[in-house]
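Along the sequence shown, residues carry numbers from 1.
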Amino acid sequence: MTKGNSTKITDELYAYMLAHNPPLDEIQRELVKTTYERFPDAAGMQSAEEQGPLLAFLVRLTGARHIVEVGTFTGFSTLSMARALPPGGRLIACDVSEEWTAIGRAAWAAAGVEDRIDLRIAPALDTLRAMAAEPHIDMAYVDADKESQIAYWEELVPRMRPGGLIVTDNTLFHGTVLDESATGPGAGVRAYNDHVAADTRMESVLLAISDGLTLSRKR
């Protein structure tokens, strides 16, 4: 087996990587700052800085016009994807917190993309199950409670168009995926990863980006 992790990501190398990616703009940076100030204990749920430009890149690469996000938090990933949508594109954002998403709403308005985002405050499974059953989603981003991820997957996959992309965050989950005795979120991610890898409806790759990122394409 050839190992591909010989390059260790030091703080200096991480800064170098960010410096060679599309930079966050003032609104994105203010959103990140506000999240850490207002919700310091929960701010780790925010997508990593490098994931914002990556998500926008994937929206443009796939030509996505209809996006579903499962887990919005304070809206950094939402903002990144909404900005990349073409005219007439739409993003349905699923979350259960009015408090967290209020931070995102302010940023979306400041960025002029609030008209592209349909925020639905309700359990995500309820929102997904209420959607049309036929394949119509171009791209989905899953970054919510880990114990429910297989249920989200099973609602999303039939609704993805051929070639549609599901992006799942935290699929290495701080390394706990190696622990066969893991419980709670760690066990949820382990089960999800096995489920995704075995699903022949999709082709998937798990990448060591941030805390693990899985890209799954509908066959």
Please check if the number of heavy atoms outside Y14 that lie under 6.0 Å from its OH is greater than 12. yes
Tell me the closest heavy-atom pair linking P23 and Q28, and the distance in Å. O-OE1, 4.3 Å
Hey, is the main chain of E155 close enough, under 3.5 Å, to the side chain of R129 for a donor-acceptor pair? no
Where do L13 and T7 land on the side-chain contact (heavy atoms from CB on, under 4.5 Å) test, with the steps shown first? CA-CA 9 Å; L13 193 56; T7 302; 3.5 Å; yes
Using 0.5 Å steps for rounding, measure from the CG atom of N170 to the OG1 atom of T214. 10.0 Å
When clusters are formed by joining ILVMFWY residues with side-chain heavy atoms under 4.5 Å apart, either directly or through shared neighbours, do L206 and L165 land in the same one? no
Salt-bridge contact R105-E114 (side-chain N to carboxylate O under 4.0 Å): no
Closest non-hydrogen contact found for G184 with E147 is C-OE2, 3.6 Å
When hydrophobic residues are tied together by side-chain contacts of less than 4.5 Å, even through go-betweens, does I27 share a cluster with L119? yes
Where A82 and L91 come nearest, the two heavy atoms and their spacing: N-CD1, 4.0 Å
Set out, in order, the CA-CA distance, both residues' side-chain angles and the distance that settles side-chain contact (heavy atoms from CB on, under 4.5 Å) for K33 and E30, then state yes or no. CA-CA 5 Å; K33 178 174 177 287; E30 184 62 27; 4.2 Å; yes
Is the shortest distance from a Lys or Arg side-chain nitrogen in E154 or R201 to a carboxylate oxygen in the other one below 4.0 Å? yes
To the nearest 0.5 Å, what is the distance between CZ on R65 and NE2 on H136? 14.0 Å
Looking at L172, is its backbone amide N or carbonyl O close enough to the side chain of D211 to form a donor-acceptor pair, meaning the two atoms are under 3.5 Å apart? no
Look up atom NZ in K218 and atom CG in D199, then write down how far apart they are to the nearest 0.5 Å. 9.5 Å
May I ask you to check whether Y36 and Q46 show a side-chain donor-acceptor distance below 3.5 Å? no
Report the C-alpha separation of M81 and M139 in whole Å, then their side-chain angles, then the decisive distance to 0.1 Å, and conclude whether the side-chain contact (heavy atoms from CB on, under 4.5 Å) test is met. CA-CA 10 Å; M81 292 186 287; M139 180 172 161; 4.0 Å; yes
Note: I117 and A93 closest approach over all heavy atoms is CG2-CB, 4.2 Å
For Y141, check ring pair (Phe, Tyr, Trp, His ring centres under 6.0 Å) against everything at least two apart and list the hits. none
Write down the atom of G75, the atom of W108, and the distance for their closest heavy-atom approach. O-NE1, 3.3 Å
Using 0.5 Å steps for rounding, measure from the CZ atom of F73 to the CD1 atom of I103. 9.0 Å
Spatial distance of atom CG (L54) from atom CG (L215) [nearest 0.5 Å]: 7.0 Å
Would you check if the side chain of K146 reaches a backbone N or O of A144 as a donor-acceptor pair within less than 3.5 Å? yes
Does the plane of the ring in W100 sit parallel, tilted or perpendicular to the ring in F39? Use 30° and 60° as the thresholds. perpendicular
Pick one: which of L58, D138, L85 meets side chain to side chain contact (heavy atoms under 4.5 Å, CB included) with I67? L85
Is it true that L213 and I9 fall in one hydrophobic cluster, defined by side-chain heavy atoms closer than 4.5 Å? no
Within the supplied structure, the quantity of interest is the number of heavy atoms (other residues, nucleotides, ligands) at a distance under 6.0 Å from E26 CD; does it exceed 12? no
Could you see if V177 belongs to whatever hydrophobic cluster contains V167? Use Ile, Leu, Val, Met, Phe, Trp, Tyr and a side-chain cutoff under 4.5 Å. no
Rounded to the nearest 0.5 angstrom, the CZ-OG1 distance for R190 and T176 is 8.5 Å
Assess, by modelled atom type and distance only, whether the side chains of Q149 and H195 contain a donor and an acceptor separated by less than 3.5 Å. no
For D143 and S77, what are the C-alpha separation, side-chain angles and deciding distance, and is it a side-chain contact (heavy atoms from CB on, under 4.5 Å)? CA-CA 10 Å; D143 187 13; S77 53; 5.6 Å; no
Can you confirm whether more than 12 heavy atoms, excluding those of E134, are under 6.0 Å from its CD atom? yes
C94 and T127: which non-hydrogen atoms are nearest, and at how many Å? SG-CG2, 3.7 Å
Through direct or indirect side-chain contacts below 4.5 angstrom among Ile, Leu, Val, Met, Phe, Trp and Tyr, which residues connect to V68? V70, I92, L125, L128, M131, I137, V142, I150, Y152, W153, L156, V157, M160, I166, Y192, V196, M202
Would you call D41 and R38 a salt bridge, using N to O less than 4.0 angstrom? no
Between D118 and R90 (side chain of the first, backbone of the second, donor and acceptor by atom type, cut-off under 3.5 Å), is there such a pair? no
Just by modelled atom types, is the P86 backbone N or O under 3.5 Å from a matching donor or acceptor in the R60 side chain? no
